[in-house]
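Everything numeric here is computed off the predicted structure, so don't read it as measured data. Atoms within a ligand are numbered from 1 in the order they appear, just like the ligands themselves.
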Amino acid sequence: MTKRIRKAVFPVAGLGTRFLPATKSVPKEMLTIVDRPVLQHVVDEAKEAGIEHFIFVTGRGKQVIEDHFDMSYELEDTLQKRGKKKEYDALMADLPAAGATSFTRQQAPLGLGHAVWCARDIVGDEPFAVMLPDMVTKATGKLKSRCLSQCVAAYEKHGGNIIAVEEVAPEETHQYGVVSIGKDEGHTFEITGMVEKPPKGTAPSTSIISGRYILGPEIFKILETQERGAGGEIQLTDGMKTLAKSQGFHGVRFDGVTYDTGAKIGFLMANAAFALDNPDLAEAYKAGLKKLMG
Ligand code: G1P
């Protein structure tokens, strides 16, 4: 019997240097895809997968993230008094339950492994999810669920640890964590090895770690003493590699689409995809695009 995955960790301390100057005073996770912050889309995915507690590992200058997941009394009161029911209901629908969020700070940008380790006391002794907020997913495939739901289903089947993967071109593998593939069942497969940012031409496959994980709490003990790896950072991938010596890891090939909103092109494509999905916008947006492209 596997334990239920109740908690998700969102490492949101990143500086967002790829989006400067937009991210000088606005956290990159708060940039909008249509009318919702990037991070809200990721939290929606977590909710869909049954997550009940949302743990944000933040950093300096990220206070508005905390405000976003809190009540905004003055705003809500004004919306109600003005009869703006639709807007009010939308805010209420996104508001997490009281006590369902936790915030801790990664004091220095020491890497993803260090960020996840900062959540150790809040997660406690149970398996949990990690969701990288740059990655926004859409359920466009046959399974009709987003990435974390598919990871939870794989966890319920295989137990152990789960990593969502996707395919990239061979010349792009050096920018990511890459896994080695063992016994392959198609949608899921055994992971037999992993490497963070392998030098060009050395990656064991083109399946990259794409930003959704389910991990056992034993990872924390490992991360506590994890030495710096690729890029001089404490890497989650290196910690997982050690954990894989004593626990199973399975990969999930996400049936759907992922947008890397940390990159400008991914961010723009995510906006286009979500706008085209929005019944209030789709027609006007399509017409506008058509005009723009001659
Ligand atoms: C992180 C992970 C890497 C993963 C990537 C996905 O890297 O360390 O394994 O493939 O996210 O975006 P980063 O993007 O922080 O360099």
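Gln235 contributes a side-chain N or O that, together with a main-chain N or O of Ala230, makes up a donor-acceptor pair within less than 3.5 Å.
The shortest N/O to N/O separation between Gly177 and ligand 1 falls below 3.5 Å.
Inter-residue side-chain proximity for Ile162 and Gln150 is flagged as unmet; no heavy-atom pair is nearer than 4.5 Å.
Of the protein's heavy atoms, Ile209 O, 2.6 Å lies nearest to atom 10 (O) of ligand 1. The single protein non-hydrogen atom nearest to atom 12 (O) of ligand 1 is Met135 CE, 3.3 Å, given as residue, atom name and distance. Looking from atom 16 (O) of ligand 1 to the surrounding protein, the closest heavy atom is Lys197 NZ, 2.7 Å. Looking only at protein heavy atoms, the nearest one to atom 1 (C) of ligand 1 is Leu132 CD1, 4.0 Å.
Checked options Thr23, Thr17, Asp134; the residue passing with Lys28 is Asp134 (criterion: side chain to side chain donor-acceptor pair (under 3.5 Å)). A side chain to side chain donor-acceptor pair (under 3.5 Å) with Lys157 is found for exactly one of Glu185, His250, His187, namely Glu185.
With a heavy-atom cut-off of 4.0 Å, Asp260 does not touch ligand 1 at all.
Between Glu48 and Arg146 a salt bridge is recorded (basic side-chain N to carboxylate O distance below 4.0 Å). Under the 4.0 Å criterion applied to side-chain N and carboxylate O atoms, Glu29 and Lys62 are assigned as salt-bridge partners.
When Glu196, Gln235, Met240 are ranked by how near their heavy atoms come to atom 3 (C) of ligand 1, first place goes to Glu196.
Each of the atoms 9 (O) of ligand 1 lies under 4.0 Å from some heavy atom of Thr237.
A heavy-atom separation below 4.0 Å is not found between Gln175 and ligand 1.
Within the 4.0 angstrom cut-off, atom 8 (O) of ligand 1 has one or more protein heavy-atom neighbours.
Proximity of the aromatic rings of Phe69 and Phe103 is defined here by a centroid distance below 6.0 angstrom, and this criterion is not met.
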